[in-house]
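Just below is one structure, and these are the notes that go with it.
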Amino acid sequence: MKSLEKYLNEHLAGSGSALGLLETLAEHRHDDAEIYLNLRRGIFQNRLTLENLIHQLGFKRSTPLELAAKAVSQLALFRFKHHGLVIGQLGLVEALEALELGVHGQTLLWRSLAEEGPSGLSPLGMDLPALLQSAEAQKAQVERLRLAAVRAAFFAPPAAPPASPPPIPAAT
């Protein structure tokens, strides 16, 4: 069970990183802020379920792991911001790829627990099919955002140069 405790704590730490990234994206991407905040609410609810599972299984939360994940996510956020978090910039693509990897990991977590979960997960109030469905929907949403960011960053036509002012007639 020690491996399961570590596994759950790693996912808990990762979810904290995802929440921070989504908060930053909502702050920088005003046009899509509601989408990011909705994703954040869903991941937060899944995180609460994970915290509850860790508690109910009698496991301890790994504060050092959560702090390490927070430090790494802060470094990643610095990089994403440096590359730009607006549409058409590399930082947004990178941030959404990192987020999608995290959401995919969440999907794998729920799928793993559904596959051969420890006895008694259902009585612990875990609706694994609903959690898996939620994670899959989050992943699809992030993928739509990521593809839009990719198109804008890599494949959008270059901006037209500003029009030249009309020539000034020569003095006569």
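Residue numbers count from 1 along this sequence.
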Approximate separation, where rounding is to 0.5 Å, of [X] [atom1] and [Y] [atom2]:
X      : Y      : atom1 : atom2 : value
Phe59  : Leu12  : CZ    : CG    : 13.0 Å
Leu108 : Tyr7   : CG    : OH    : 6.0 Å
Ser112 : His11  : OG    : NE2   : 7.0 Å
Asp127 : Gln133 : CG    : CD    : 9.0 Å
Ile54  : Arg61  : CD1   : CZ    : 7.0 Å

Does the side-chain contact (heavy atoms from CB on, under 4.5 Å) test come out yes or no for Tyr36 and Leu21, once each step is laid out? CA-CA 9 Å; Tyr36 293 118; Leu21 177 55; over 6 Å; no

Within a radius of less than 6.0 Å around CD of Glu51, do more than 12 heavy atoms belonging to other residues, nucleotides or ligands occur?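 Correct, the count exceeds 12.
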
Apply salt bridge (charged side-chain N to carboxylate O under 4.0 Å, His left out) to Lys60 and list each qualifying residue two or more places apart in sequence or on a separate chain.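 Testing Lys60 for salt bridge (charged side-chain N to carboxylate O under 4.0 Å, His left out), a comparison that skips the adjacent residues, returns none.
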
Pairing residues for Phe44 by the ring-ring contact (aromatic ring centres under 6.0 Å, His included) criterion, not counting sequence neighbours: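 For Phe44 there are no ring-ring contact (aromatic ring centres under 6.0 Å, His included) partners, ignoring immediate neighbours.
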
Tell me, please, which residues at least two apart from His28 pass ring-ring contact (aromatic ring centres under 6.0 Å, His included). none

Pairs meeting criterion side chain to side chain donor-acceptor pair (under 3.5 Å) with involvement of residues 15-25, two or more places apart: Ser15-Arg47, Glu23-Arg40

Please, which pairs that meet side chain to side chain donor-acceptor pair (under 3.5 Å) have at least one residue in residues 86-96, sequence neighbours excluded? Arg79-Glu94, His83-Glu94

Taking Ala130's backbone N and O only, do any of them form a donor-acceptor pair with Ser134's side chain (distance below 3.5 Å, no angle check)?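 Answer holds: no.
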
Do [X] and [Y] sit in the same hydrophobic cluster, where Ile, Leu, Val, Met, Phe, Trp and Tyr count as joined when their side-chain heavy atoms come under 4.5 Å apart?
X      : Y      : answer
Leu128 : Leu57  : yes
Leu90  : Val150 : yes
Ile35  : Val142 : yes

Show the nearest heavy-atom pair for residues [X] and [Y], with the distance to one decimal.
X      : Y      : result
Ala149 : Leu96  : CB-CD1, 3.9 Å
Ala153 : Val93  : CB-CG2, 3.8 Å
Ala18  : Leu99  : CB-CD1, 4.0 Å
Leu77  : Gly20  : CD1-O, 4.4 Å
Asn9   : Ser62  : OD1-N, 2.8 Å
Lys139 : Val103 : N-CG1, 3.4 Å

Would you say the side chain of [Y] lies within less than 4.5 Å of the side chain of [X], judging by non-hydrogen atoms?
X      : Y      : result
Leu131 : Leu113 : no
Asn46  : Trp110 : yes
Ile87  : Asp31  : no
Leu25  : Leu39  : no
Leu37  : Leu22  : no

Would you call the rings of His82 and Phe78 parallel, tilted or perpendicular, taking 30° and 60° as the class edges? parallel

Sequence neighbours excluded, every pair satisfying salt bridge (charged side-chain N to carboxylate O under 4.0 Å, His left out) that has a member inside residues 96-107: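 For residues 96-107: Glu97-Arg146, Glu100-Arg146.
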
Is any side-chain N of the basic residue among Glu34 and Arg29 closer than 4.0 Å to the acidic one's carboxylate O?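 No.
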
Give me the one residue out of Gln106, Gln141, Arg111, His104 that meets side-chain hydrogen bond (donor to acceptor under 3.5 Å, both in side chains) with Glu136.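 The passing option is Arg111.
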
